[in-house]
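Read through the structure below, which is laid out as structure tokens, and then see the notes.
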Amino acid sequence: MSTPVFSVEGLWKVFGPKADRIPTDPELSALPPADLRARTGCTAAVRDVSFGVRKGEVFVVMGLSGSGKSTLVRCLTRLIEPTSGTIAIDGEDVRAMDKSRLRELRRHRAAMVFQHFGLLPHRTVLDNVAYGLEIQGVGKSERRERAAEVVAKVGLEGMEQRRPSQLSGGQRQRVGLARALAVDPEVLLFDEPFSALDPLIRRDMQEEVVRLHREEGRTMVFITHDLSEALKLGDRIALMRDGEVVQLGTPEQIVGSPADDYVREFVRDVPREQVMTVRTAMRPASAEEAGNGPAVAPTATVSEAIEAVARAGAPARVMDSGRCLGVVDANALLDVVAGATGLAVDTDRLGGAIPTAAGTSEELV
């Protein structure tokens, strides 16, 4: 398997006096948050977190306020200095970088999109988008040309000469996204970028991220407290609580096989049929079934398969590149909706596994 774009191992961020002693002291590091504060005056915002972000994936870190997710993403580029642990980008040690190498990382390789847009009020949309390129020393005509391309890409064509005060919240967020895209970073880091937006505008921006990812395949790390946003955007989700990752998996694995009662409560109201795929309900096809009936893709949701089975009045074939992988019938699909089936949880950082009906896993090719 290729080297992850970002690789994080044993990461801690502790705030407070003599923070360095917490990760190395087994007794202190095992204390619950309230006890740790009472005994040491320290808060462990990130506690022994490990994961890898694969090239081209949308990796979502989600959790409630105070779970440590925003601290975690800031540690990736050392906007916040980690207390201990390792962080690497393309195998290069981020914690060993000097100031100039860190600047290069933040300007070229990993661009941040914040909740608060930080636009320059006296500059036009085009000049705001070109600002990162200006810092990089790109010539005026080249940076304006590149900025114009990205402005069009995020749906702001015709607004290039407007000032931020003339834009809606959603439009300002698109400018922030365009500014990050303009420097052509290897990774886009989103820190709850849409949480202050109205629901309809937020949905539009989510669709924009999905579209950009589909068209460009850019690696993204996305921080959110919103479960529906995480399920919609994430290829994999790391769910945090009190600084720890309590479960890491695909949306299907988190909804289908919650790791503990906390995760189970988190996903309780999620419509399973809209997240779980047909692989969860698939069984081997007979010779007759393999040649007849409606066809659905392996990535089809249970909800989509239920419609296909209902229309045809027969089991649906799960087809991939002309090959029948199996079939799904009404009873198996309804079992998934009712929560009668589960997926095995991959306790590794889910190294590419796709859940299958038997609870085993297939390696992504």
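For this chain, numbers begin at 1 and follow the sequence in order.
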Decide yes or no on ring pair (Phe, Tyr, Trp, His ring centres under 6.0 Å) for Phe59 and Phe51, but give the supporting numbers first. CA-CA 10 Å; Phe59 186 90; Phe51 60 87; 4.9 Å; yes
Given side chain to side chain donor-acceptor pair (under 3.5 Å), test Glu252 with Thr280 step by step and report yes or no. CA-CA 9 Å; Glu252 187 172 13; Thr280 316; 2.5 Å; yes
Evaluate the criterion side chain to side chain contact (heavy atoms under 4.5 Å, CB included) for residue pair Thr124 and Glu160; output intermediate values, then yes/no. CA-CA 7 Å; Thr124 64; Glu160 291 86 349; over 6 Å; no
In sequence, state the C-alpha distance, the side-chain angles, and the governing distance for Leu167 and Val175, and then conclude on side chain to side chain contact (heavy atoms under 4.5 Å, CB included). CA-CA 10 Å; Leu167 303 175; Val175 177; 3.8 Å; yes
Applying side chain to side chain contact (heavy atoms under 4.5 Å, CB included) to Leu126 and Gln161, what does each step give before you reach the verdict? CA-CA 7 Å; Leu126 193 67; Gln161 299 309 312; 4.2 Å; yes
Step by step, work out the salt bridge (Lys or Arg N to Asp or Glu O under 4.0 Å) result for Arg123 and Glu134. CA-CA 13 Å; Arg123 292 198 174 202; Glu134 182 181 340; 2.8 Å; yes
Decide side chain to side chain donor-acceptor pair (under 3.5 Å) for Asp98 and Ser100; before the verdict, give the C-alpha distance in whole Å, the side-chain angles of both, and the deciding distance to 0.1 Å. CA-CA 6 Å; Asp98 60 19; Ser100 77; 3.2 Å; yes
Would you please test Lys153 and Glu208 for salt bridge (Lys or Arg N to Asp or Glu O under 4.0 Å) and show each step? CA-CA 10 Å; Lys153 186 176 289 185; Glu208 190 67 21; over 6 Å; no
Would you check, one step at a time, whether the test side chain to side chain contact (heavy atoms under 4.5 Å, CB included) holds for Val267 with Leu227? CA-CA 8 Å; Val267 302; Leu227 179 61; 4.2 Å; yes
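Residues Pro82 and Lys13 fail the side-chain proximity criterion, which asks for heavy atoms closer than 4.5 Å. When side chains are defined from C-beta on, Glu27 counts as touching Arg39, because their heavy atoms get closer than 4.5 Å. Under the 4.5 Å side-chain criterion, counting only non-hydrogen atoms from C-beta, Glu57 is not in contact with Met220. Considering only heavy atoms from C-beta on, Val309 stays 4.5 Å or farther from Asp329 through its side chain. For the pair Asp93/Thr86, no side-chain contact is recorded, criterion being any heavy-atom separation below 4.5 Å from C-beta on. Within the 4.5 Å cutoff, no side-chain heavy atoms of Met276 are placed close to those of Ser303. Counting heavy atoms from C-beta outward, Asp242 and Pro33 have side chains that approach closer than 4.5 Å. Between Leu177 and Met205 the shortest side-chain heavy-atom distance falls below 4.5 Å.
For the pair Arg47 and Ala30, the tightest heavy-atom approach, listed with the atom from each and the gap, is NH2-C, 4.2 Å. Between Ser50 and Leu248 the shortest heavy-atom distance is O-CD1, 4.5 Å. Taking every heavy atom of both residues into account, Ala180 and Val113 meet most closely at CB-CG2, 3.6 Å. Between Val245 and Val49 the shortest heavy-atom distance is CG2-CG1, 3.8 Å. Residues Arg143 and Val138 share a closest heavy-atom pair of NH1-O, 2.9 Å. The minimum heavy-atom distance linking Trp12 with Ile22 is given by the pair CZ3-CG2, 4.2 Å.
To the nearest 0.5 Å, the span separating NZ on Lys18 from SG on Cys42 amounts to 10.0 Å. For the atom pair CZ (Phe6) and NZ (Lys55), the distance works out to 12.5 Å, reported to the nearest 0.5 Å. In this structure, the separation between CG on Leu212 and CD on Glu215 is 6.5 Å, given to the nearest 0.5 Å. For the atom pair CZ (Arg163) and CZ (Arg172), the distance works out to 15.0 Å, reported to the nearest 0.5 Å. Between Arg218 atom CZ and Leu188 atom CG the span is 5.5 Å, to the nearest 0.5 Å. Rounded to the nearest 0.5 Å, atoms CD (Gln206) and CZ (Phe222) are 7.0 Å apart.
At least one donor-acceptor pair under 3.5 Å links the side chain of Arg272 to the backbone N or O of Val336. Under a 3.5 Å cut-off, the side chain of Thr301 and the backbone N or O of Gln274 do not form any donor-acceptor pair. Looking only at distances, no side-chain donor or acceptor of Ser7 sits under 3.5 Å from a matching main-chain atom of Pro4. Judged by distance alone, with hydrogens and angles left aside, the side-chain atoms of His225 form no donor-acceptor pair with the main-chain N or O of Lys69 at under 3.5 Å. Counting only distance, with no hydrogens or angles, the side chain of Asn128 and the backbone of Leu120 share a donor-acceptor pair below 3.5 Å. Remark: side-chain polar atoms of Arg174 are paired, donor with acceptor, to backbone N or O of Val154 under 3.5 angstrom. Counting only distance, with no hydrogens or angles, the side chain of Thr250 and the backbone of Arg236 share no donor-acceptor pair below 3.5 Å.
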Only distances under 3.5 Å count here; give the side-chain donor-acceptor pairs of residues 73-80 to other protein atoms, sequence neighbours excluded, each with its distance to 0.1 Å.
| from | atom 1 | to | atom 2 | distance (Å) |
| --- | --- | --- | --- | --- |
| Arg74 | NH1 | Asp191 | OD2 | 2.2 |
| Arg74 | NH2 | Asp191 | OD2 | 3.3 |
| Arg78 | NE | Glu81 | OE1 | 3.2 |
| Arg78 | NE | Glu81 | OE2 | 2.9 |
| Arg78 | NH1 | Val94 | O | 2.9 |
| Arg78 | NH1 | Arg95 | O | 3.3 |
| Arg78 | NH1 | Met97 | O | 3.0 |
| Arg78 | NH2 | Glu81 | OE2 | 2.9 |

Which side-chain N or O atoms in residues 311-328 pair as donor and acceptor under 3.5 Å with protein atoms at least two apart or in another chain?
| from | atom 1 | to | atom 2 | distance (Å) |
| --- | --- | --- | --- | --- |
| Arg317 | NE | Asn292 | O | 3.2 |
| Arg317 | NE | Gly293 | O | 3.1 |
| Arg317 | NH1 | Ala290 | O | 3.4 |
| Arg317 | NH2 | Gly293 | O | 3.0 |

Atom pairs and distances, donor-acceptor, side-chain atoms in residues 60-67, under 3.5 Å, two or more places apart:
| from | atom 1 | to | atom 2 | distance (Å) |
| --- | --- | --- | --- | --- |
| Ser67 | OG | Leu64 | O | 2.8 |

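For Arg107, the CZ atom sits in a packed shell: over 12 heavy atoms of surrounding residues, nucleotides or ligands are nearer than 6.0 Å. Around OH of Tyr131, the count of heavy atoms belonging to other residues, nucleotides or ligands within 6.0 Å does not exceed 12.
Cluster annotation: Ile135 is not connected to Leu105 through the hydrophobic network of ILVMFWY side chains, with a link wherever side-chain heavy atoms come within less than 4.5 Å. Using a 4.5 Å cut-off between side-chain heavy atoms of Ile, Leu, Val, Met, Phe, Trp and Tyr, with links allowed through other members, Val129 and Phe190 fall into the same hydrophobic cluster. Hydrophobic clustering of Ile, Leu, Val, Met, Phe, Trp and Tyr side chains at less than 4.5 Å, counting indirect connections, unites Leu102 with Leu189.
Between the side chains of Glu229 and Thr224, a donor-acceptor pair is found at a separation under 3.5 Å.
At a threshold of 4.0 Å, the pair Arg211-Glu216 does not count as salt-bridged, since none of the basic side-chain nitrogens sits closer than that to a carboxylate oxygen. Ionic pairing of Asp127 and Arg144 is present here: one or more N-O contacts between side-chain nitrogen and carboxylate oxygen are shorter than 4.0 angstrom. Ion pairing of Lys140 with Glu145 is absent here, as no side-chain N (NZ or NE/NH1/NH2) approaches a carboxylate O to less than 4.0 Å.
Cation-pi check for Arg241 over Tyr262 is met; the charged atom lies under 6.0 angstrom from the ring centroid and within 45 degrees of its normal.
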